[in-house]
Amino acid sequence: MDLTDELRWLVAQSGVTEGTLHVYCGHTTCGLTINENDSGLDTDMKAVLERIAPYSSKHYYAHDKERTPAERAVHGERDNGHSHARAMVATYPELTIPVTASKLHLGSGKRSCWPSSTDHGHESCWSAPVLKRVTQGRDLGTSRLRLGC
């Protein structure tokens with residue numbers, strides 16, 4: 001899931017000209033990344049993650065098989081050990097992106113993404129982007145905007 005357009009919208013709405021955009025994903029089976037917007041990259045990354053951490057139906061994860069009844073009551077019966085492993089090795093729980101001249105400074109061809117290949121059951125797991133206004137080292141306050149959960 002490409003978040004770049006939503007993040008650009010947040011920057012535009014905030015009025016911040018110089019500072020940072022802080023994006024946080026508070027879920028343990030997904031995360032955030034910045035990467036190229038090249039054809040085939042999403043397909044390649046899904047294949048890499050499948051080799052590193054195969055789906056739970058194809059591989060044993062203690063997280064899936066050894067949960068207590070109380071843990072299953074909270075998290076449900078869905079096995080997602082692969083999602084936790086993938087999030088740990090391939091994503092970050094948060095990103096800080098510079099804002100320069102009222103625009104995200106991502107670099108040429110870069111996009112900010114929530115990789116949908118970690119846990120397909122949590123499509124809105126990212127939230128609470130924070131834009132911080134900083135001028136000459138002084139904190140001028142924070143604009144808090146939320147998308148997602």
Would you name the heavy atoms of [X] and [Y] that are closest together and state the gap between them?
| X | Y | value |
| --- | --- | --- |
| Ala53 | Ala85 | CB-CB, 3.8 Å |
| Pro54 | His59 | CB-CB, 4.0 Å |
| Ala87 | Thr28 | CB-O, 3.7 Å |

For this session: Not counting sequence neighbours, list each pair that qualifies as a salt bridge (Lys or Arg N to Asp or Glu O under 4.0 Å) and has a residue in residues 25-41.
Result: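 Passing the test, one end in residues 25-41: Glu36-Lys110.
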For this session: Report the residues that fulfil side-chain contact (heavy atoms from CB on, under 4.5 Å) with Ala70, sequence neighbours left out, ordered by chain and then residue number.
Result: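 Partners of Ala70 by the side-chain contact (heavy atoms from CB on, under 4.5 Å) criterion, ordered by chain and then number, come out as Thr68.
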Does the side chain of [Y] come within less than 4.5 Å of [X]'s, by heavy atoms?
| X | Y | result |
| --- | --- | --- |
| Ile97 | Val11 | no |
| Lys103 | Arg8 | no |
| Val99 | Thr17 | no |
| His82 | Glu50 | no |
| Thr4 | Leu106 | yes |
| Ser83 | Tyr61 | no |
| Thr96 | Leu21 | no |

Exercise. Can you tell which of Asp44, Leu49, Asp42, Val48 makes a side chain to side chain contact (heavy atoms under 4.5 Å, CB included) with Lys46?
Worked result: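 With Lys46 as partner, Asp44, Leu49, Asp42, Val48 yield a single side chain to side chain contact (heavy atoms under 4.5 Å, CB included), made by Asp42.
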To the nearest 0.5 Å, what is the distance between [atom1] on [X] and [atom2] on [Y]?
| X | Y | atom1 | atom2 | value |
| --- | --- | --- | --- | --- |
| His84 | Asp64 | NE2 | CG | 8.0 Å |
| Gln13 | Glu6 | CD | CD | 13.0 Å |
| Tyr24 | Leu95 | OH | CG | 12.5 Å |

Problem set entry | Cluster link Met88 to Tyr92, ILVMFWY, side chain under 4.5 Å |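 Each belongs to a different hydrophobic cluster.
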For this session: Spell out, as yes or no, whether a donor-acceptor pair under 3.5 Å connects the side chain of Glu94 to the backbone of His22.
Result: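 Side chain of Glu94 to backbone of His22, a donor-acceptor pair under 3.5 Å: no, none is there.
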For this session: May I ask you to decide if Val16's main-chain N or O and Ser14's side chain share a donor-acceptor pair within less than 3.5 Å?
Result: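 Present.
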For this session: Would you sort out whether Lys65 and Asp79 count as a side-chain contact (heavy atoms from CB on, under 4.5 Å), showing the intermediate values?
Result: CA-CA 8 Å; Lys65 307 306 179 204; Asp79 288 342; 3.0 Å; yes
Exercise. Given Asn80 and His63, is the side-chain contact (heavy atoms from CB on, under 4.5 Å) satisfied, shown in steps?
Worked result: CA-CA 8 Å; Asn80 65 351; His63 167 75; 2.9 Å; yes
